[in-house]
Protein chains: 2
Amino acid sequence: MSTPLDKALLKRNEGLSVNTSSEQFGGRDSLTRRISDDIRRRILVKEWAPGEKIHSESELSTTYKVSRVTVRTALKTLEYQGLVDIRHGSGTYVNDFGRAIPTGLNELRSMSETISELGYEPGMEYKIADVRPATDLEREKLQLDAPELVLYLERAVLADGKAVAFSYDTINISSLPEQVVEEMKRGSVFASLDTINSRPIRALAEVDAVIDKNIGWGSQRPNDDLFLLLQQVHYAGDGEPLMYSRTYFMKGRFQFLILRTR
Amino acid sequence: MSTPLDKALLKRNEGLSVNTSSEQFGGRDSLTRRISDDIRRRILVKEWAPGEKIHSESELSTTYKVSRVTVRTALKTLEYQGLVDIRHGSGTYVNDFGRAIPTGLNELRSMSETISELGYEPGMEYKIADVRPATDLEREKLQLDAPELVLYLERAVLADGKAVAFSYDTINISSLPEQVVEEMKRGSVFASLDTINSRPIRALAEVDAVIDKNIGWGSQRPNDDLFLLLQQVHYAGDGEPLMYSRTYFMKGRFQFLILRTR
DNA sequence: TAGTCAATAGTTGTCCTACAACTAGTGGAT
DNA sequence: ATCCACTAGTTGTAGGACAACTATTGACTA
């Protein structure tokens with residue numbers, strides 16, 4: 001399965017966590033991607049303090065045993081994500097984002113991943129997990145012709161046991177093995193999709209403010225019926241719609257921080 | 001003022017709009033930045049149709065008379081912004097974003113710029129434009145010690161004459177010439193800041209849903225008091241806070257589309 | 001002493017060339 | 001009609017070189 005270069009690189013870089021992370025994801029990620037992910041990880045575990053200058057591109061390129069081009073591209077990615085600031089002639093500095101990490105809506109991450117990066121313990125509370133025929137709206141969003149079956153989930157998203165959002169998800173199961181569907185009724189949707197190598201690689205999302213008294217449940221539900229709605233459709237690598245998802249965030253429980261740059 | 005290389009590049013690339021745009025902004029932008037801006041422009045004016053493959057990196061590098069590295073970096077930027085999809089071994093394709101351009105909250109653009117890119121005629125309707133002492137909140141956000149004077153603006157943001165948002169802005173004028181302040185009371189804040197070379201280069205923004213019956217005015221104001229709030233502080237290159245800004249978007253008038261990728 | 005300025009080492013930006021890895025199509029063999 | 005090797009074209013990575021910029025040092029000057 002592996003190509004010659006892959007093997008060579010794995011050999012050259014053995015012992016570095018870049019590969020571990022790649023293998024962990026069953027990874028066919030590019031080298032740049034792996035380096036970028038690893039430096040991101042090192043920043044988030046505070047290997048460098050905010051405001052501090054990280055290693056130079058040359059230094060990183062020798063320690064990672066990759067070319068400077070690769071390191072530069074990786075750093076550019078992190079700069080775009082708002083994690084670092086690259087200054088011509090000076091160096092690359094870790095940005096100072098108080099306690100909160102810029103959520104980076106542009107990067108496709110699962111809620112659990114994001115919550116975990118923010119330093120909380122992620123969790124999910126299932127209310128509904130049913131296989132049922134798709135509604136008209138769902139058929140349109142998921143580009144289904146016939147009235148096919150979909151997996152419908154209603155869940156509360158937890159951070160350290162506290163509900164921060166309510167999530168309504170519809171998953172296109174037309175090309176999924178039954179066992180995977182059963183898995184999704186309990187565990188992480190993204191993880192399940194990953195096992196059969198059809199992890200979503202992009203999503204078209206829309207942000208909106210809504211008042212809706214039919215959303216949410218339980219005692220933690222806001223009584224002004226006010227939510228920040230993130231509505232999105234996830235797509236697989238071949239462009240196939242995988243999931244139509246509406247996440248209703250409760251005010252004050254989750255901070256949508258965005259670092260905007262020129 | 002210009003360095004030798006700048007002159008050489010200007011000479012080599014003369015006739016290309018990359019320089020025009022740079023000069024227009026009094027530009028000290030990097031070469032990559034100029035190329036990226038120009039390709040972005042060409043995509044937005046539909047030089048290539050959505051889904052279509054644009055010129056190869058080699059081809060672009062020869063027409064722009066820059067190295068392939070520079071073109072690659074520029075294209076990477078556009079990929080982050082969600083405008084193109086770069087496929088290994090195949091080419092770079094223009095993404096298909098219906099009528100709406102992914103607003104790209106990560107890129108720092110003025111409202112007028114964004115509206116203009118979306119194909120509407122931008123406008124501003126002034127309600128208040130006053131110089132007055134800063135409030136406690138404003139002093140905190142703008143990191144002002146003494147009770148200094150600030151420029152306070154209340155405006156309606158227009159697209160094709162229709163109000164899409166209400167904007168409440170506080171500008172730090174402690175280091176601005178009086179004439180520039182006068183300009184801002186009527187024209188674009190960003191353009192005025194640009195004339196004295198202190199254009200903001202980054203902003204820390206927070207998105208939230210709010211109900212507030214004190215926001216907005218006029219007949220177009222929503223009667224459910226519901227807004228999507230974009231609250232942000234703009235910073236200059238030296239880290240100095242320039243402006244504290246709250247923009248209240250009206251539901252349905254402005255689409256916050258985000259293309260999320262892995 | 002305080003301030004200015006030239007020199008310098010270190011870092012990012014751009015260039016060039018070369019090759020690896022991948023994609024999509026072509027055309028022949030079965 | 002199907003499969004498969006081949007090929008041309010494209011993006012990904014490598015390595016070395018120099019330009020441009022930054023921050024610091026230290027000599028010089030007022």
Side-chain angles (χ1 to χ4, degrees), chain A residues 1-13 18 22 27-36 39 48 51-79 84-94 237-239, chain B residues 1-13 18 22 27-36 39 48 51-79 84-94 237-239:
Chain A
M1 211 16 144
S2 294
T3 57
L5 182 58
D6 278 342
K7 279 182 193 159
L9 286 171
L10 286 172
K11 180 148 196 169
R12 293 202 312 173
N13 293 332
V18 266
S22 137
R28 307 215 52 63
D29 290 332
S30 74
L31 192 46
T32 298
R33 165 96 203 184
R34 277 178 274 166
I35 303 290
S36 167
I39 301 180
W48 298 282
E52 198 177 346
K53 174 153 70 171
I54 75 172
H55 299 159
S56 74
E57 295 176 354
S58 323
E59 199 170 342
L60 288 170
S61 88
T62 59
T63 58
Y64 277 117
K65 293 197 177 67
V66 299
S67 83
R68 217 190 111 202
V69 177
T70 305
V71 170
R72 273 183 66 74
T73 312
L75 288 178
K76 272 287 191 186
T77 306
L78 298 181
E79 182 184 41
V84 300
D85 184 16
I86 306 179
R87 300 184 202 148
H88 186 187
S90 172
T92 300
Y93 298 78
V94 176
D238 55 8
Chain B
M1 209 26 141
S2 295
T3 56
L5 183 57
D6 278 341
K7 278 184 191 158
L9 286 171
L10 286 171
K11 181 148 196 168
R12 292 204 314 176
N13 293 331
V18 266
S22 137
R28 309 212 50 62
D29 290 333
S30 74
L31 193 45
T32 298
R33 166 94 202 184
R34 278 178 273 166
I35 304 290
S36 167
I39 301 180
W48 298 283
E52 198 176 345
K53 174 153 69 170
I54 75 172
H55 299 159
S56 75
E57 295 176 355
S58 323
E59 198 169 342
L60 288 170
S61 88
T62 60
T63 58
Y64 278 118
K65 294 196 177 66
V66 300
S67 84
R68 216 191 110 202
V69 175
T70 304
V71 170
R72 272 183 66 73
T73 311
L75 289 178
K76 270 287 188 188
T77 306
L78 297 180
E79 187 183 37
V84 300
D85 184 16
I86 307 178
R87 300 182 202 152
H88 186 186
S90 173
T92 301
Y93 298 78
V94 176
D238 55 8

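A quick note: this is a predicted structure, and the numbers were derived from the prediction, not measured. Within every chain, numbering begins at 1; the chains are lettered A, B, ... in the order of the sequence lines, protein sequences first and strands thereafter.
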For this session: Output yes when at least one side-chain N/O atom of A/Thr32 is less than 4.0 Å from OP1 or OP2 of D/dG12, else no.
Result: no
Problem set entry | Protein-nucleotide distance (B/Ile86, atom CD1; D/dT13, atom P), rounded to Å | 11 Å
Exercise. Roughly how many Å is it from NZ in A/Lys53 to C1' in C/dA9, rounded to a whole number?
Worked result: 11 Å
Exercise. Under 4.0 Å between a side-chain N or O of B/Thr92 and OP1 or OP2 of D/dT11?
Worked result: yes
Problem set entry | side-chain N/O B/Thr70 vs C/dC15 OP1/OP2, d < 4.0 Å | yes
Exercise. Once you round it to whole Å, what is the distance between P of D/dT11 and CG of B/Leu78?
Worked result: 13 Å
Exercise. Closer than 4.0 Å, any side-chain N/O of A/Thr73 to the OP1 or OP2 of D/dG12?
Worked result: no
Seminar exercise, completed: Of A/Val69 and A/Leu75, the one whose closest nucleotide on DNA chain C sits nearer the 5' end is A/Leu75
For this session: Among D/dT13, D/dT11, C/dT12, find the nucleotide with the atom closest to the side chain of A/Leu31.
Result: D/dT13
Exercise. To the nearest Å, how far apart are B/Arg72 CZ and D/dA14 P?
Worked result: 11 Å
For this session: Report yes or no: is there a donor-acceptor pair, N or O only, under 3.5 Å between the side chain of A/Arg68 and the base of D/dG16?
Result: no
Problem set entry | Side-chain touch B/Val66/B/Leu31, heavy atoms, less than 4.5 angstrom | yes
Close N or O pairs between protein and nucleotides 22-26 of chain D (under 3.5 Å):
| unit_1 | atom_1 | unit_2 | atom_2 | d |
| --- | --- | --- | --- | --- |
| D/dT22 | O4' | A/Gly89 | O | 3.3 |

Problem set entry | Nearest-angstrom distance from the residue atom CG of A/Asp85 to P of C/dG13 | 10 Å
